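Everything numeric in this text was worked out from a predicted model, so none of it was measured.
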Amino acid sequence: MITAAPLATPEKAAIPEPAPRWQQAWRQALRDPVELLALLQLDPAALGVSSDALAQFPLRVPRSFVARMRAGDRNDPLLRQVLPIDREMQVVPGFSFDAVGDGAARKATGVIQKYRGRALLVTTGSCAIHCRYCFRRHFDYAAENASRDHWQPAMAAIAADPDIDEVILSGGDPLSLATPKLAELTDALMRIPHLRRLRIHSRLPVVMPERIDDELIQWLGHLPWPVAFVIHANHANEFAADVDAALARLRNTGAQLLNQAVLLRGVNDSVDALAALSERSFAAGVLPYYLHQLDRVQGVAHFEVGDAQAQALHAALMARLSGYLVPRLVREIAGDSSKRPL
């Protein structure tokens, strides 16, 4: 007897793995100032929201960062950092499109070298948050992306200079790259024998702590160099329990965590605000590093704090806090051999 052949079982369609949680948070970031202000129960017209400023430099802010803003407070220090307003469109003498001389310091595509022994890689133009005071808000990221041709031109430029022993991953924000892309970059860097340190500048652990996931921690923990991880927080209110947890995970890889802040009018231009920032940063395991005077790029003049006031604030901070809690007050001047202390 010939038995009937069993019915073929149809192959199950492959179920795509869900995107990492941080990428979902990235896609859900707010881009509309009207929606942002509605969540905060504020009136866009009363705050001078500018469609021209928005067109010049788009809004992007993660929802977890918005959740730390105070509803109903038009002067919230976190809101002021991200809201596009009409004052950005004022042309102010002394403010330029390249305030810190990135163009003159270009060593190769996506490679900037201003100081001896250090080279900065513009890894990407993407950021999880668009800070209105950003000194690279007018930067030509399309032309200056170090990942072009799988990093080869950038790696060749660094390999050709044995004096470079430290590479700084910057952008944009390097952690906006997927971890396999970061691994591709560091695999290329590992083939350069004179590198001794890696520095990573990122705002994501603060504004989108979901980014500090298992895959990123595994990559970071297997790097062959000592790592300095420089976060960027300007106000104590930027810290929260999930930020603390993300920073603890970074610290457990052996990375040294440092914070750099920018002195911003209406955000942190008081001794109380600066002291709270240093104390909250240290409580999260992050040492205060730099307090930058504003880089004078067009569109940010309304954030500027004068040098005399900045120095007075810094002196008061030194009188109030232990020395290790006081960041260095500096300004970046194009052509200088280092940051200039004030």
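- For the side-chain hydrogen bond (donor to acceptor under 3.5 Å, both in side chains) with T186, the qualifying choice from W219, W151, W225 is W219, the only one to do so.
- Applying the side-chain hydrogen bond (donor to acceptor under 3.5 Å, both in side chains) test between E88 and each of Q298, R132, H302, Q56 identifies R132 as the sole match.
- Within the 3.5 Å criterion, the main-chain N or O of M208 finds no donor-acceptor partner in the side chain of S64.
- A donor-acceptor pair shorter than 3.5 Å cannot be found between the side chains of E332 and H292.
- When side chains are defined from C-beta on, L169 counts as touching L198, because their heavy atoms get closer than 4.5 Å.
- Salt bridge absent: R68 and D76 never bring a charged side-chain N and a carboxylate O closer than 4.0 Å.
- Looking at R80 and D73, no side-chain N of the basic residue comes within less than 4.0 Å of a carboxylate O on the acidic one, giving no salt bridge.
- Residues L39 and R63 form a side-chain contact, since some pair of their non-hydrogen atoms from C-beta on lies under 4.5 Å apart.
- Electrostatic pairing of D173 and R203 does not count as a salt bridge here, judged by no charged N lying under 4.0 Å from a carboxylate O.
- Residue pairs satisfying the side chain to side chain donor-acceptor pair (under 3.5 Å) criterion with at least one member in residues 188-198, sequence neighbours excluded, are listed as follows: D165-R197, E166-R197.
- A heavy-atom distance below 4.5 Å is found between the side chains of M69 and V61.
- Contact of the I168 side chain with the I112 side chain is not registered, since no non-hydrogen atoms from C-beta on lie closer than 4.5 Å.
- The ring pair (Phe, Tyr, Trp, His ring centres under 6.0 Å) pairs that include a residue from residues 311-342 are F282-Y324, where partners are two or more places apart or lie in different chains.
- Contact annotation: the side chain of Q309 never approaches that of L263 to less than 4.5 Å [non-hydrogen atoms, C-beta and beyond].
- Using modelled atom types, one finds no donor on one side chain facing an acceptor on the other under 3.5 Å when comparing W26 with S126.
- Side-chain contact check for L121 versus L185: some heavy-atom pair is nearer than 4.5 Å.
- The shortest heavy-atom contact between P62 and A128 is CD-O, 3.3 Å.
- Scanning for ring pair (Phe, Tyr, Trp, His ring centres under 6.0 Å) contacts around H130 gives F57, with sequence neighbours left out.
- The line from NE2 of H201 to CZ of F229 is 10.0 Å long, rounded to the nearest 0.5 Å.
- Salt-bridge annotation for D272 and R320: present, with a side-chain N of the basic residue lying under 4.0 Å from a carboxylate O of the acidic one.
- Between V92 and E304, the closest side-chain pair of non-hydrogen atoms is not below 4.5 Å.
- Between L195 and I164, some side-chain heavy-atom pair lies under the 4.5 Å cut-off.
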